[in-house]
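Just below is one structure, and these are the notes that go with it.
Lettering of chains follows the sequences in order, A, B, ..., and the numbering in each one begins at 1. What you see is a predicted model, and the numbers here were worked out from it, not measured in a lab.
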2 protein chains.
Amino acid sequence: MANPANHPGDGSRATLAQVAARAGVSASTASLAFSGAGPVADETRERVLAAARELDYGGPDPRARSLRTGRSGIIAVVMEDRISVAFGDPVAVTLLDGIADEIGGAGYSLLLLTDSLERAEGGLRDAPMDAALLLGCSTDLDPAVRVLSQRQVPLIGVEAEPRQGLPMVDIDNRAGMRRLAEHLAGLGHERVAVITLPMDRGHARGPLTQVRQDASVAYTGLERLAGVRDVFPDAPAEVAAGSLIEEGLIAARALLDAEPALTAIVGQSDLLALGAIQAAEERGLRVPEDISVAGFDGARIDGLSRHRLTTVVQPTLEKGRAAARLALAALAGEPVENVAFTTELRIGDTTAAPRSA
Amino acid sequence: MANPANHPGDGSRATLAQVAARAGVSASTASLAFSGAGPVADETRERVLAAARELDYGGPDPRARSLRTGRSGIIAVVMEDRISVAFGDPVAVTLLDGIADEIGGAGYSLLLLTDSLERAEGGLRDAPMDAALLLGCSTDLDPAVRVLSQRQVPLIGVEAEPRQGLPMVDIDNRAGMRRLAEHLAGLGHERVAVITLPMDRGHARGPLTQVRQDASVAYTGLERLAGVRDVFPDAPAEVAAGSLIEEGLIAARALLDAEPALTAIVGQSDLLALGAIQAAEERGLRVPEDISVAGFDGARIDGLSRHRLTTVVQPTLEKGRAAARLALAALAGEPVENVAFTTELRIGDTTAAPRSA
DNA sequence: CGGGGGAGTCGAATCGATTCGATGCCCGAG
DNA sequence: CTCGGGCATCGAATCGATTCGACTCCCCCG
């Protein structure tokens, strides 16, 4: 075993040049021997590898390689929140999983960044990366877009507000929600409320007033809301502080207090819907007999067994994959175009005709 | 390729040298103007920044900087599983959160890698990084350790099996579990079973036989098991395929089938314990009246409201922070020493004296 | 027997910045 | 009036690899 600390004769890391010298070849040949790109005699390659072993050479330095080749092998994912918040959301995790899978297969690694400028400005500004994916459901991507496009890093959006020069992967949030709302309408529901995703950077809770709504740039949340209101134009909305069961619980309590006659609650995510179910049960309301609840995402949630949530299923994993492929295409110099996925209504056992329909 | 780089305003990327030329200063001065390290006249700095703006220069190229300075500003986290699996675990997420927080504060970014060699070999071998954290609860770190120490990347382990030259952060898994077991013994329990974390790379389920146990190198799981057996030497153990509620459910079903007289189940994680509670309730058993259940971690789990789980609380966030600090210390050339945290027993409402004590 | 061509190797330029030591300059002290 | 000392700036070396074109053999074909 090589002992880095006490190995005689090799102060710090060995370089390719030293390995080449020891093997009696030029640096260029040694490079070819390592990368395998180009004709090298078997015997020569052997000699180089042997020399490398003797010198404890760990392979070409990624920094130097990356300077020369212009590629770092890194694709960044920019999220809005702190990591713990983002990863509490099964949708984000699944998305990331698809991304990691796809870029890993292409030999890239995944760098995690947040766009909170105070903390991660360094990352956005300084981290090496070949492309960046901006994770949507975000309230405001502007700062990240500004910094990264200044750096001329190819950008791909995932459910971001459409904007010039930002190719993206999207789903039919509005149409999906509209179909869900039509399902509820078909069952006879009339008093339907919505629990929305965060609407501003502050993640403030509370009723969504017209003023707040107009001020918001939370693309995904607004689209999903619009879908419900296509069918129930007056549906009240309560804003949650995040896509969490607990947040759904809090928001639903407020809705149930304020709107005693509600017959259905639509969460803009499955987690929010689950919270709403908990809130209903707290009140002694049975789901779906006394109140219907539906969600969005079709996420597989660990430990959920009691209900089969009625929800709008989106191909989350595929979305991640597609976004990653767009990034890879951009890196390959191929043209990138927006990708749109469609959602599908999945009817579970949490929606039914209202009691006194 | 399509390289119409003839327009002065928007060619490919501008370089520092071009900016310097346009500002009428040398490259060295321009560099100082950007980095702020060294004396530069205000007026000169202004001129440089103006030139940069005119040329659309996005700041020094991280690749070149990193070659020259020898630092990439990246710290890697190596996990065993695919991302989605790892992030289903609130402990891993919290750990990562602590790590991200600490290294972000020091200007580093976080690179996510898995140690599955087929997929991420590229990452382990090629990705630029200044240090790497190996996330524990892993069944086998060997391959990752081999590749990375070959590259001479400073390594820090988190709950890894102690090994030469791998400084690490650990907790008193065994003592914590022993205290929990003593609590159960004090209540009068005698027939106690354990649901363990995965014991091998294949993540196989099933009873933990002596043969399997001897073959396992799953440090954390073995330690926690030993803690329980310090008090209940014959406690049977069922291996779960992951730290998930559903896995706890599956394992507990097996235990309840095979051991009808069990009075308590100890999960090696809170998620496993929650699964056990579900399994008990499925059987019509009430917790804690008919059976006691306890866990490990003290994780905050979204949406959990019915029970206050009796558990062994570990300072997960602090553990992540500490690991990150060790890495930063190693990078600063300071000596790094192992860090050990202690756990604390938190008694909730899921443990009580057995029925017929 | 001469020349085309491919395999194997080498030299040297290059990627884009950082950084150390040297230089020129101005100012105040002696 | 001269000399020491800061401050601002510049030159040049350097980080460690990749890569392109050139060069040398040597084999094979005509």
- Task: Return the residues of residues 38-46 of chain B meeting this criterion: a heavy atom under 4.0 Å from some atom of DNA chain D. Order them by number, or give none.
- Result: Pro39(B), Val40(B), Ala41(B), Thr44(B)

- Query: Under the 3.5 angstrom rule, does the side chain of Arg151(A) hit a backbone N or O of Leu124(A) as a donor-acceptor pair?
  - Reply: yes

- Item | Listed partners of Phe87(B) passing ring pair (Phe, Tyr, Trp, His ring centres under 6.0 Å), at least two apart | Phe87(A)

- Item | Results of salt bridge (charged side-chain N to carboxylate O under 4.0 Å, His left out) for Arg65(A) - residues two or more places apart only | Asp126(B)

- Note on the structure: If each end axis of the helix from dC1(C)-dG30(D) to dG30(C)-dC1(D) is fitted on five C1' pair positions, the angle between them, to 10 degrees, is 50°

- With sequence neighbours excluded, residues passing salt bridge (charged side-chain N to carboxylate O under 4.0 Å, His left out) with Asp130(A): Arg63(B)

- With sequence neighbours left out, which residue pairs that include part of residues 323-332 of chain B fulfil the salt bridge (Lys or Arg N to Asp or Glu O under 4.0 Å) condition? Glu102(B)-Arg325(B), Glu318(B)-Arg325(B)

- Query: Excluding sequence neighbours, so at least two apart, what forms salt bridge (charged side-chain N to carboxylate O under 4.0 Å, His left out) with Glu43(A)?
  - Reply: Arg47(A)

- Message: Using only atom types and a distance under 3.5 Å, with no angle test, would you say the side chain of Ser149(B) pairs donor to acceptor with the backbone of Val145(B)?
- Response: yes

- Task: For Thr316(B), check side-chain contact (heavy atoms from CB on, under 4.5 Å) against everything at least two apart and list the hits.
- Result: Val91(B), Thr94(B), Leu95(B), Gln314(B)

Anything under 3.5 Å between a protein N or O and an N or O of nucleotides 16-19 of chain C, put it in a table, one pair a line.
{"residue": "dA17(C)", "atom": "OP1", "partner": "Tyr57(B)", "partner atom": "OH", "Å": "2.4"}
{"residue": "dA17(C)", "atom": "OP1", "partner": "Asp61(B)", "partner atom": "N", "Å": "3.2"}
{"residue": "dA17(C)", "atom": "OP2", "partner": "Leu16(B)", "partner atom": "N", "Å": "2.2"}
{"residue": "dT18(C)", "atom": "OP1", "partner": "Arg65(B)", "partner atom": "NH1", "Å": "3.0"}
{"residue": "dT18(C)", "atom": "OP2", "partner": "Ser31(B)", "partner atom": "OG", "Å": "2.5"}
{"residue": "dT18(C)", "atom": "O2", "partner": "Arg68(B)", "partner atom": "NH1", "Å": "2.5"}

- Quick one: which residue pairs count as a ring-ring contact (aromatic ring centres under 6.0 Å, His included) with a foot in residues 25-72 of chain A, not counting sequence neighbours? Phe34(A)-Tyr57(A)

- Can you list the residues that meet the side-chain contact (heavy atoms from CB on, under 4.5 Å) rule with Val85(B), with sequence neighbours excluded? Asp81(B), Arg82(B)

- Message: Tell me if a side-chain donor or acceptor on Asn338(A) pairs with a main-chain N or O of Met168(A) at a distance below 3.5 Å.
- Response: yes

- Message: Test side chain to side chain donor-acceptor pair (under 3.5 Å) on Thr29(B) and Ser26(B); report intermediate values, then the result.
- Response: CA-CA 5 Å; Thr29(B) 302; Ser26(B) 74; 3.3 Å; yes

Protein N or O to nucleotides 21-25 of chain D N or O, pairs below 3.5 Å:
none

